[in-house]
There are 2 protein chains.
Amino acid sequence: MDKPLSFAEENYLKHIFALSEGTEDTVNTSALAKQIKIASSSVTDMLKRLGEKELIDYEKYQGVRLTSSGKRVAVNIIRKHRLWEVFLVEKLQFSWDEVHEIAEQLEHIRSPKLTTRLYEYLGRPKFDPHGDPIPDENGDFPETRRQILSEFKVGDSVSILGVNDDSPEFLQYLKQENIGLGSTLHIDKILAHDKSMQLSDANNKIIMLSNISCQHIFCKRL
Amino acid sequence: MDKPLSFAEENYLKHIFALSEGTEDTVNTSALAKQIKIASSSVTDMLKRLGEKELIDYEKYQGVRLTSSGKRVAVNIIRKHRLWEVFLVEKLQFSWDEVHEIAEQLEHIRSPKLTTRLYEYLGRPKFDPHGDPIPDENGDFPETRRQILSEFKVGDSVSILGVNDDSPEFLQYLKQENIGLGSTLHIDKILAHDKSMQLSDANNKIIMLSNISCQHIFCKRL
DNA sequence: AAAAAAAATTCGGTTCATCTAAATAACGGT
DNA sequence: ACCGTTATTTAGATGAACCGAATTTTTTTT
Ligand SMILES: [Mn+2]
Ligand SMILES: [Mn+2]
Ligand SMILES: [Mn+2]
Ligand SMILES: [Mn+2]
């Protein structure tokens, strides 16, 4: 009985993976409950089941950690999610903010051959429309080192992929300067004395950003 | 509470639609049970639920018939199914026999905008890779009158889309003559006295088919 | 080291989608 | 019109995935 995993199980694994990125720590029940937006009693239920299937290591009250087989599943879901996002943006002209919800559905389509064909069709992309790395067929993530704005040179045009610092202050500041995800900026000059950047936006409005600010913004060259 | 329909509900509606094509009759429980490969008691259960949601007209022992709202749902599922099949064949180079299973999954993806974009991307196709008609955005099916081989003329090249008669004998016969779905045939001549056709296949092998046989084969011109 | 607070689990329910076995209704042939 | 066969529904169960309330364990604070 190699029954396929349910969508629910796949989603739990994906979220456990997401929450354990960075830290070596175990993921705790309430963090998961919050992330998945579900009662923590339900999470406990599911963790028991995933534990029995050896997709996670779980001992009550001890938090949870993916086994290698659980990780394999999680990474595959993420791979499919991000490939479909690329498809939606590149081939069907969706904008970056519309694709996540649809990819939440498409990521559960089960057909290894489809995944492979899609990957080829899209030209073996390494990053999704939000700049997130797409694991390859072996589950290996590309060198992710996303470039920060301060690494670019005068004359480059970049588009904003995300931020490194999601504090309310910083985000408010960016919003006030009219910088958001997807914005396009051109680097006019870099002041020698403090490495601050003078940029112009799509409307040719001039924006000055300190080097510190520039280190908190992920971009890609256009 | 406009909760979306479950996949199971969508599938029942789709199968009810399929079984009621052609006939004006109601669809009966056991036909459905056989088609969906499920116990008929389970079918009865579901029919009650679909009846309550006014997706079907159902009275016990009386068989079942889609309401207009049920038909709308069913046709939309069929539209998505067939569009995805076109995508898989045209864009991802799948062969006709591989796509149905994957489309069974993709047909349940919920995003009207995705359906629309896909439709445009594929060039508003009217038929799927098996020659089945694709309903348009209003649920109207294209004039389906699929052409039968005997309607073509000398000099035409056609590819086989399906058959009109799925009796074992006939299918065996075609197989023996090396004619299958997707085969390409060229019409060399049509004999005047009995309207039988002399065809040549991809390997230039000559095949003779009676007019009766030709009336049982669906084709499209290449 | 207690007490208080927070985190996690257990317990008892619910809904959906399925099953098998038993009961009932409809149908077809004599 | 009756009887047997077939079709259909009912009854009773199960497992997945969720919930809220009560309980237990762990952690933090006094
Ligand atoms: Mn996403
Ligand atoms: Mn998901
Ligand atoms: Mn199909
Ligand atoms: Mn389906």
Side-chain angles (χ1 to χ4, degrees), chain A residues 1-16 19-20 23 25-66 70 73-74 77 104-105 107-108 110, chain B residues 1-16 19-20 23 25-66 70 73-74 77 104-105 107-108 110:
Chain A
M1 45 190 80
D2 51 309
K3 201 155 55 314
L5 298 180
S6 67
F7 288 11
E9 290 170 319
E10 291 186 342
N11 280 333
Y12 272 89
L13 293 172
K14 182 183 68 165
H15 283 120
I16 293 167
L19 286 173
S20 56
T23 59
D25 254 17
T26 62
V27 174
N28 55 295
T29 304
S30 36
L32 256 177
K34 179 181 271 184
Q35 173 114 145
I36 307 182
K37 295 190 206 320
I38 216 175
S40 42
S41 54
S42 307
V43 173
T44 301
D45 261 19
M46 181 60 97
L47 294 185
K48 282 184 201 157
R49 243 169 310 128
L50 292 175
E52 271 152 29
K53 298 192 179 182
E54 315 223 30
L55 293 160
I56 59 174
D57 287 323
Y58 172 63
E59 277 174 282
K60 49 157 84 169
Y61 294 108
Q62 294 316 124
V64 75
R65 159 172 286 151
L66 292 173
V73 174
I77 300 294
E104 284 293 304
Q105 299 178 58
E107 72 190 6
H108 300 290
R110 256 178 278 272
Chain B
M1 43 195 83
D2 51 313
K3 197 151 65 310
L5 298 179
S6 66
F7 287 11
E9 289 169 320
E10 291 186 342
N11 281 332
Y12 272 89
L13 294 172
K14 182 183 67 165
H15 284 120
I16 293 167
L19 286 173
S20 56
T23 60
D25 255 17
T26 61
V27 173
N28 54 297
T29 304
S30 36
L32 255 179
K34 178 181 271 186
Q35 172 115 148
I36 308 183
K37 294 188 206 324
I38 215 174
S40 42
S41 54
S42 307
V43 172
T44 302
D45 260 19
M46 181 60 97
L47 294 184
K48 282 184 201 157
R49 246 170 309 128
L50 292 175
E52 270 154 28
K53 296 191 180 182
E54 315 222 30
L55 294 160
I56 59 175
D57 288 323
Y58 173 63
E59 276 174 282
K60 47 157 83 171
Y61 294 107
Q62 295 315 124
V64 75
R65 160 172 284 151
L66 292 174
V73 174
I77 300 293
E104 283 294 304
Q105 299 177 57
E107 71 190 6
H108 301 291
R110 256 179 278 272

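Only heavy atoms go into these numbers, but all of them, side chains included; no hydrogens, no water, no symmetry mates.
Between the base of C:dT18 and the side chain of B:S41 there is no donor-acceptor pair shorter than 3.5 Å.
Looking at every heavy atom in both residues, A:A39 comes nearest to A:A33 through C-CB, 4.4 Å. Smallest separation of non-hydrogen atoms from A:L32 and A:Y12: CD2-O, 4.4 Å. The heavy-atom pair separating A:I36 from A:H15 by the smallest distance is CG1-ND1, 3.5 Å. Taking each heavy atom of A:V27 and A:I16 in turn, the nearest pair found is CG2-O, 3.8 Å. Nearest approach of A:L13 to A:A74, heavy atoms of both residues: O-CB, 3.7 Å.
A:V64 pairs with exactly one of A:L50, A:T26, A:L47, A:L19 by the side chain to side chain contact (heavy atoms under 4.5 Å, CB included) rule, that one being A:L47.
Comparing D:dC19, C:dC16, C:dT18 by their nearest atom to the side chain of B:K3 picks out C:dC16. Of all nucleotides listed (D:dT9, D:dC19, D:dT24), D:dT24 comes nearest to the side chain of A:Y61. Comparing C:dT10, C:dC19, D:dT9 by their closest approach to the side chain of B:S42 singles out C:dC19.
Near DNA chain D, defined here as any heavy-atom distance below 4.0 Å, the residues from residues 43-58 of chain A are A:D45, A:M46, A:R49, listed numerically. Near DNA chain C, defined here as any heavy-atom distance below 4.0 Å, the residues from residues 7-15 of chain B are B:A8, B:Y12, listed numerically.
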Polar pairs (N or O, both sides) under 3.5 Å between protein and nucleotides 3-6 of chain D?
none

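Of all nucleotides present, only C:dA25 satisfies the Watson-Crick or G-U wobble test against D:dT6, with each distance under 3.5 Å.
Phosphate proximity of C:dA8 to A:N28: present, with a side-chain N or O under 4.0 Å from OP1 or OP2. At C:dT10, one or more side-chain N or O atoms of A:K60 fall inside 4.0 Å of OP1 or OP2 (strictly under the cut-off).
In this structure, A:A39 reaches the sugar-phosphate backbone alone: every heavy-atom distance under 4.0 Å involves primed, P, OP1 or OP2 atoms, never a base. Nucleic acid contact for B:T29: sugar-phosphate only, since backbone atoms but no base atoms lie under 4.0 Å from a heavy atom of the residue.
Within the 4.5 Å cutoff, the side chain of B:S20 has no heavy atoms near those of the B:R65 side chain. For the pair A:N11 and A:H108, the minimum side-chain heavy-atom distance is below 4.5 Å. A heavy-atom distance below 4.5 Å is found between the side chains of B:E10 and B:R110.
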Exercise for the section: List the steps, then state whether side-chain contact (heavy atoms from CB on, under 4.5 Å) holds for B:N28 with B:Y61. Expected result: CA-CA 8 Å; B:N28 54 297; B:Y61 294 107; over 6 Å; no
Practice task
Walk me through it: do B:K14 and B:E9 pass the test salt bridge (charged side-chain N to carboxylate O under 4.0 Å, His left out)?
Solution key: CA-CA 9 Å; B:K14 182 183 67 165; B:E9 289 169 320; over 6 Å; no
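Rounded to a whole Å, the NZ atom of A:K34 is 12 Å from the P atom of C:dA8. In this structure, A:K37 places its NZ atom 14 Å from P of D:dC18, rounding to the nearest Å. If you take CG of B:L5 and P of C:dT15, they are 18 Å apart, rounded to a whole angstrom.
Residue-environment remark: CD (A:E104) exceeds the threshold of 12 foreign heavy atoms within 6.0 Å.
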